[in-house]
Every structure is written in C-alpha cells, then in structure tokens.
Amino acid sequence: MGSRTAAHVVGSTLASLGVDTVFGLAGSGNFAVTNALVEGGARFHSSRHEGGAVAMADGWARTTGRPGVVSVHQGPGLTNTLTALAEASKARTPMVVLAGDTPARALRSNFRIDQHGLVRAVGAAPELLYGAQSAAADAARALRRAELERRPVVLMLPIDVQPQPADPAALNPQPLPPLPAPAEAAIARAADVLAAAERPLLIAGRGAVLAGAGEALEALAQQTGALLATSAMAHGLFAGLPFALGIAGGFAAPLAAELMAASDVVVAFGATLNMWTTRHGALIAPDAELVQIDVDAGAIGAHRAAGVAIVADALAAAQALRERLDDLGHQSAGRRTAALADEIAAHRWRDEPYEDAPAPGTIDPRTLAIALDDLLPADRAVAVDSGAFSGWPAMYLGVADPRAWLFCNAFQSVGLALGAAIGAAVARPERITVAALGDGGAFLALQELETAARLGVPVLVVVWDDAAYGAEVHHFGPMGEDVAIAQFPDADLAAIARGAGAQGHTVRSVDDLGPVADWATDPTGPCLLDAKVDPGISGAWLEEAFRTG
Ligand SMILES: Cc1ncc(C[n+]2csc(CCOP(=O)(O)OP(=O)(O)O)c2C)c(N)n1
Ligand SMILES: [Mg+2]
C-alpha cells in the first residue's frame, strides 16, 4: 500500500511491526486507521461494546503474551472502554488502544472531553499522534511503551490530523532491553536462607508466569525440598506437579493452607503477596523468613517485610539461586516425601466432602464445577468473572497452563470475563475456552454473546445463575439487611443465548450436561449453560473478601 494519510501510516506502521489482530468498534474517528491495519494484514474483530473490545484484547494478550490492540471512536467510544481499561492496567497487560480524538480547535464539539486525563485516571498512558510527519514514530512509540511499561497505552488520533498527507517512515525497531539480573550478594543471602530451611515454600505470581519460570522453579523446589504454590493470577503454573499446593490464599484447600502456614521459609517470585494470596497474612507464619523477588522494587515488602529483597526477573533469579546452591553443594529432599505427595493428592478441593443436597430445581455450584472439570478436555482455558461464584472455578476447574487462566479480577469488576474469554478463544481457537460468569456478570456483557456467535469461537459460557448479585446477598443478608435490591426474578439466559446465535441450555442437575458433552466434541461456536444454582450456597473464601471493603 502506498503512503497516504496520517491515519493510514499509523495503521500500516503497527501492521508492519507485527500487529495482526485488532479488536474494536468502528466509528468515523477510527475507521481509516482500522482499515489501514486490515490492509496491512491484521484481522479486525468487531465487538458490540467498546468495553468488550478491550476485554477481548486483554484476554488475547494474556493468552499470547503479545500486546493487545484495540480501535475505538473518540469521546463515547473511549469512555465505554474505561472499566475494561482499568482491569488491563491493573493486570499489567500491554495494550495499544487507538482512539479518535477531537481536534484541538473544536472547543464546542459534542465529543470533546479530556481524553488524556480520562485514561490516565485508570492507569493507562495517554499518547498522541502529534502531526502527520510524526505518524509512524508516534505509532511505534505507543507500541513500544505498552511493551516496556506493561500497561495499556492510548494513542489519541485527532481527526483533523488523521487525513493529512503523510509518509511511512523507515523504522528501526529495537529489541526490548533485558530485565535486571539479580545482585550476587542478594542471591547469596537468599541461597543461605533456603539452604537452612526445614519447610520451604516457593510462591509464584504473575511475574513468574511472564518470565516463563515454571520449570526453573520446580527444579529449585526439587533441589531445596520445597513445596510450590501460586497466586490466584498464576494458577496453572505448576499443574500436575506432585508437590504443588495450588492457589495460595482464600481458594486454597484446607491441607494446602495448613502446609503453607507451616512453612519456615517463603520465597515469592513475582508475587506481591497481597491479602488475597496470604489470607490477610495468615498463611505466612509470623516467624517465617521471607525472600521476595520482583522486577518491580516497589512490590517488594509492599504487604510484608522481606528479609531478603531481590530486584530481578523471576526466571533469572531462580536460575541464579540454583547455581549458587549447586556451588554450596546443597541438595535436600526437605518436605518432599512420598507420603506427603500422597496426602496432597488426596486432599484437593474436590476430595473435600460436602453435602450435595441443593434446593429443588437447582444444582450445587460445586457439583457443577466438578462435573465440568471431568467433562471438558484438559487442554482448556478458563476466564473467571467477579462475584460470589468466582471461587468455584478457581477451586475446581483446573487448567494445564497459566496462559490458559484468565483471572479477570485485578479491578474486581463484574462483567469482563466474557470478553476476555472471546479474546482468548480468538488467540487459541483449537481449544475450548470457558467463560465462568455469574448471572450479574452475564447481563453486564450480554451483547458480546452475539460477537462470540458471529466469530464462531469455541467458548463455553457457564453462568452460575443464582438470580442475584449473590456477593451482595451473602454480604448483607447475615447483617440483617433487606437484600431484595440485589435479587431478581428468574431469567432465561439460554433463550437469550439462542437469540444471539449461540447454543443455549438450562442446567438444573448434572443430567442436563449431556448437550455440553456433544458440543465439546465439535465446538463450532459458543454454547451457554444457564446453570440454576442453589443461591444459599457460598464459599468460606467470600468472608475474606467482605473484610476487604
Ligand atoms: C461493575 C461492577 N459493579 C458492581 C460490582 C459490585 N459487585 C461485586 S460482586 C457483585 C455481584 C455479581 O453478581 P453475579 O455476577 O451474579 O455473581 P454472584 O455474586 O451472584 O455469584 C456485584 C454487584 C462490581 N464489583 N463491579
Ligand atoms: Mg448471581
């Protein structure tokens, strides 16, 4: 394609830098730039709401490890992105949002708002198409900043600059600089602490996932006799390993929580150890020694003082620790006995007994999660929305790979996981992606059912439908508050899904899951399960959440 306008140069520059997938919603302010991306070889996936487009790009980016790209109209097109943009910012998702913008001189335009201030307020970085001659550089800078700073960058495209003639510039893309290597002295101290440990525990967070540190951490744990756990964000990193305890925090099974709290040395890799991961500190013994490794120095000691601080990439630190322990000749079976492996294997959440006696016409939410875990292929992705139900997929629906786990709770917003699941499925269409939602989250994102159907993605939308904002009911009901404002009449979400072009089934018992088994053998498009769950059943972890305000 030849050189044309600034808008075309922005689009073609991004395409030439490898952008091949774009989510968005077309308006006059982003039409030309989007078409330029498509001409450059990118595929455009239209959402039905700009918030959905950002959630999709977020899910796509979490799945692929590459920056997500979004294109929206100015003004309302951008304001509609904000909640999903806040989630992407807090989850440190690299993303470029291309947004039209009102001309500087158009003081009375209906569309005029402070777009820079708007996106800055939710943690995204505003960038600007300064002029036609800087179009290529502006586009390249936005993409680079998104990757370097690991957050959304919103490139404002004033609609008076967009049509100006511009030339594509020759770009000289640079590889990203390497992450900091660990300081030798800090590694030496941490190795001494680990070598002296009797009951070590390694906790991996999202930083360990981004660093690809899973295998290195298992090797380190083997060398030191440590147990392994993840934060909620890093679920799946140690899938299938015999000494892995699963998610640390409120979602931890009783034995796992007991073993975590009994650890005398805790080493955190790319995990901030927030109140969720530690149950407000209770999962780390008061006298346990803490070693914390993070690329972000500010994350170290943020929630609990760390005896040893290492500013480094999780993989580099794990490797350096192993080498140092090799030099010390350290090798310990530590906590790793065959008997403990058997005990851990026998005390997963699904092994904990519960009384499966839901109210008539409803299914126990745990029974639903366990049945789905059995029914779906192991190579699946799971995106989890926010709500009282969130614990069930986290506790019972395993994933084999942390890139297949999209825990859309960095902003604790309801309504983002359906979009994230669609984005994940666009990235990996050969496997099933589960969108785990409550009925409240489903209604906040309903319009994207049409998107899922139109795109033909293999998304299984599972709605834990208690006809309520259950989190609020369980929070305020016990206080004696009238909870009627958070309760609704029964709604037929399966029929709504069918109306949008998806399969839709109502589930009141495991016997109703037959159509899912059929669908899963050849999922040519989305399928929604409206599971009428017993509204009286809630998880113990929820009380933890209520304490956080
Ligand atoms: C956008 C947004 N609105 C409101 C809330 C407050 N809130 C937290 S959980 C919840 C209930 C969600 O209902 P549902 O999706 O049905 O899940 P449930 O709690 O019933 O399992 C609400 C309203 C929020 N976190 N995000
Ligand atoms: Mg609900």
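- Contact of the R428 side chain with the T433 side chain is not registered, since no non-hydrogen atoms from C-beta on lie closer than 4.5 Å.
- Of the candidates I422, T451, L455, L455 is the only one forming a side-chain contact (heavy atoms from CB on, under 4.5 Å) with H45.
- Residue T102 holds its OG1 atom at 7.5 Å from CD1 of I113, rounded to the nearest 0.5 Å.
- Few gaps surround CG on L176; more than 12 heavy atoms of other groups in view lie less than 6.0 Å from it.
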Exercise for review: Evaluate the criterion side chain to side chain contact (heavy atoms under 4.5 Å, CB included) for residue pair R62 and R206; output intermediate values, then yes/no.
Suggested key: CA-CA 10 Å; R62 293 191 203 197; R206 188 102 185 293; 3.8 Å; yes
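- Open room surrounds CG on N110; 12 or fewer heavy atoms of other groups in view lie less than 6.0 Å from it.
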Practice item. Would you check, one step at a time, whether the test side chain to side chain contact (heavy atoms under 4.5 Å, CB included) holds for F407 with H235? Key: CA-CA 9 Å; F407 196 63; H235 188 38; over 6 Å; no
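- Going from atom CD1 of I203 over to atom CD1 of I293 covers 11.5 Å, rounded to the nearest 0.5 Å.
- Applying the 6.0 Å contact sphere to CZ of F31 captures no more than 12 heavy atoms from other residues, nucleotides or ligands.
- Ring planes of F389 and W464: parallel class, angle under 30° (limits at 30 and 60°).
- A salt bridge does not link R145 with E147: none of the charged nitrogens is closer than 4.0 Å to a carboxylate oxygen.
- Closest approach of A84 and G51 over heavy atoms only: CB-O, 3.4 Å.
- Remark: the backbone N or O of F111 is paired with a side-chain donor or acceptor of S109 at under 3.5 angstrom.
- You'll find the side chain of N80 stays beyond 4.5 Å of the side chain of V72, heavy atoms only.
- The side-chain heavy atoms of R144 and Q174, taken from C-beta on, include a pair separated by under 4.5 Å.
- Side-chain atoms of P126 and V154, non-hydrogen and from C-beta on, never get closer than 4.5 Å to each other.
- Tested against L418 for a side-chain contact (heavy atoms from CB on, under 4.5 Å), the candidates V461, V463, L528 yield a single pass: V461.
- In this structure a side-chain-to-backbone donor-acceptor pair under 3.5 Å is present from R498 to G504.
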Exercise for review: Please step through side chain to side chain donor-acceptor pair (under 3.5 Å) for the pair S413 and T83, ending with a clear verdict.
Suggested key: CA-CA 7 Å; S413 171; T83 305; 5.3 Å; no
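- Taken from CE in M95 to OG1 in T81, the straight-line distance is 9.5 Å, to the nearest 0.5 Å.
- The backbone N or O of V33 lies less than 3.5 Å from no partner atom in the side chain of N30, so there is not a single donor-acceptor pair.
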